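Bear in mind the structure is a predicted one, so any value in this text is a computation, not a measurement. Every chain is numbered from 1 and lettered A, B, ... according to where its sequence line falls, protein lines coming before strand lines.
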There are 2 protein chains.
Amino acid sequence: MSSEQVNQSLKLFIVLSRAYRAVNENVNKLIQTYGLNPTEFAVMELLYHKGDQPLQQIGGKILLASGSITYVVDKLEQKGLLKRVACPKDRRVTYAQITEKGKSFIEDVFPDHAKQIDTLMSELSKNEKESAITILKKLGLSQSSFE
Amino acid sequence: MSSEQVNQSLKLFIVLSRAYRAVNENVNKLIQTYGLNPTEFAVMELLYHKGDQPLQQIGGKILLASGSITYVVDKLEQKGLLKRVACPKDRRVTYAQITEKGKSFIEDVFPDHAKQIDTLMSELSKNEKESAITILKKLGLSQSSFE
DNA sequence: TTAAATTATCTTGAATTCTAAATAAATTAT
DNA sequence: ATAATTTATTTAGAATTCAAGATAATTTAA
């Protein structure tokens, strides 16, 4: 394990962090204009694209502790964008389910949202995006090593 | 602007987010073992590698609001890892300056820290890292578009 | 079956971050 | 020179997140 190799990895970590933060900061500002915060939007996207979710699964998918899920789901329920639905088979479980209002919200907002993200990526060519996707996929699988 | 292109950008955004979070989650756990939180560590790294910083500049470099800088700098000052130093030329300005204790801390911790990050990147070949660095650099420059 | 262990959600309190306003110093314009 | 604007830091209060514990339901094992 040469020092050069370590330096390259460090540099990648820095560049990865900057790229993510730069893009994400812009996406977050965009989401604010919809009247939601990033976590709320992530939950809505998840329910819209993947269907009803047991509360617990939401935590695993968007990286949120169980106490925080209760908080975010409460807020979205107050806004009428989702509702809690009891699981008939296991009474410990509650599903979050998108409402009609929630569905309309995502359908209103998502096309432009996607276009804006495309704009944020416009510095990259098609091939560069392709390469980045292939490479970054491998990093996304990192197992947790320091628990 | 084809829909395929937008989809590719969306996919890259998702993969970028997952990669960053996977790596970052591990790095954050590592930092916790040093007794600091990620923001505190970022400030210490900045001061160690880039020298004294006016408080305001810290915000720009690690993406933190001015109110939060006061909070983090207070905590690091309490821990004796940095001190505030008045700017002689402009009395509005306060510098954060690393202390000897802070310097020792980083010097103790950094070599292993870097090695652990290298381990997290070990799924990628040298060439893949090189490509990722080149491509991600372009994204890191994204200007804020929705202020 | 009953007890023990596990799982899902919620509650509580602390930590961290943000926004907006307050304060203080410097700069600009009249 | 004085007033108005800008810049840097801090304060105060709200929002968000987490960790740990509480509650309730389910499953496992004796």
Novice: To the nearest Å, how far apart are A/Y71 OH and D/dA19 C1'?
Specialist: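 Whole-Å distance recorded here is 17 Å.
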Novice: Any chain of hydrophobic side-chain contacts (each under 4.5 Å) joining B/Y20 to A/L10?
Specialist: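 Looking at the clustering, A/L10 is in the same group as B/Y20.
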Novice: Atom CD1 of A/I58 to atom C1' of D/dT17: distance rounded to whole Å?
Specialist: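 Spelled out: CD1 on A/I58 to C1' on D/dT17 is 16 Å.
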Novice: Please tell me which of the listed nucleotides, D/dT9, C/dT9, D/dT26, lies nearest to the side chain of A/R91?
Specialist: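 For the A/R91 side chain, the nearest candidate turns out to be D/dT26.
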Novice: For B/Q32 and C/dT16, give me the distance from atom CD to atom P, rounded to whole Å.
Specialist: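 Checked: the CD to P distance equals 10 Å.
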Novice: Side chain of B/A65, heavy atoms from C-beta onward: which of C/dC18, D/dT11, C/dA8 has the nearest atom to it?
Specialist: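 Of the options given, the side chain of B/A65 lies nearest C/dC18.
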Novice: Measure from CD on B/Q56 to C1' on C/dT23 and round the result to the nearest Å.
Specialist: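 Interatomic distance, CD of B/Q56 to C1' of C/dT23: 16 Å.
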Novice: In whole angstroms, how far is the C1' atom of C/dT7 from the CG atom of A/D90?
Specialist: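 Value for this atom pair: 8 Å.
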Novice: Is there a side-chain contact between B/K75 and the phosphate of C/dT16, meaning an N or O under 4.0 Å from OP1 or OP2?
Specialist: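 Result: yes.
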Novice: What does B/S68 touch in the nucleic acid at a heavy-atom separation under 4.0 angstrom: a base, only the sugar-phosphate, or nothing?
Specialist: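 Here B/S68 touches the bases of the nucleic acid.
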Novice: What does C/dT6 pair with, Watson-Crick or G-U, if both distances are under 3.5 Å?
Specialist: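 Paired with C/dT6, as far as the under-3.5 Å criterion goes, is D/dA25.
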Novice: Does OP1 or OP2 of D/dA15 have a side-chain N or O of A/N37 closer than 4.0 Å?
Specialist: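 A/N37 to D/dA15 OP1/OP2: no side-chain N or O under 4.0 Å.
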Novice: Could you check whether any side-chain N or O of A/T94 sits under 3.5 Å from a backbone N or O of A/A86, counting only pairs where one atom can act as donor and the other as acceptor?
Specialist: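 Judged by distance alone, no pair lies under 3.5 Å.
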Novice: Checking side-chain hydrogen bond (donor to acceptor under 3.5 Å, both in side chains) against B/Q8, which of A/K129, A/K126, A/E130 comes through?
Specialist: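 Answer to the side-chain hydrogen bond (donor to acceptor under 3.5 Å, both in side chains) test with B/Q8 among A/K129, A/K126, A/E130: A/E130.
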Novice: Nearest whole angstrom, please: distance from the C1' of C/dA20 to the CD1 of B/I69.
Specialist: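 Computing the B/I69:CD1 to C/dA20:C1' distance gives 16 Å.
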Novice: Atom CG of B/N28 to atom P of C/dA15: distance rounded to whole Å?
Specialist: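 For the pair B/N28 CG and C/dA15 P, the rounded distance is 18 Å.
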Novice: Do you know the tightest heavy-atom contact between B/K137 and A/V15?
Specialist: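 The pair with the smallest heavy-atom distance is N-CG1, 3.5 Å.
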Novice: Is the shortest heavy-atom distance from the side chain of A/F13 to the side chain of B/L120 under 4.5 Å?
Specialist: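 In short, these two side chains do not touch, never coming nearer than 4.5 Å.
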Novice: Base, sugar-phosphate, or nothing for A/S66, non-hydrogen atoms under 4.0 angstrom?
Specialist: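 Base contact.
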Novice: Report yes if at least one side-chain N or O of A/T39 is closer than 4.0 Å to OP1 or OP2 of D/dT17; otherwise report no.
Specialist: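 Checking D/dT17 against A/T39, a side-chain N or O does come within under 4.0 Å of OP1 or OP2.
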Novice: Side-chain N or O of B/R84 versus OP1/OP2 of D/dT10: is the shortest distance under 4.0 Å?
Specialist: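 Answer is yes, contact under 4.0 Å.
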Novice: Could you tell me how far apart A/R92 (CZ) and C/dA5 (P) are, to the nearest whole angstrom?
Specialist: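 Going from CZ in A/R92 over to P in C/dA5 covers 16 Å.
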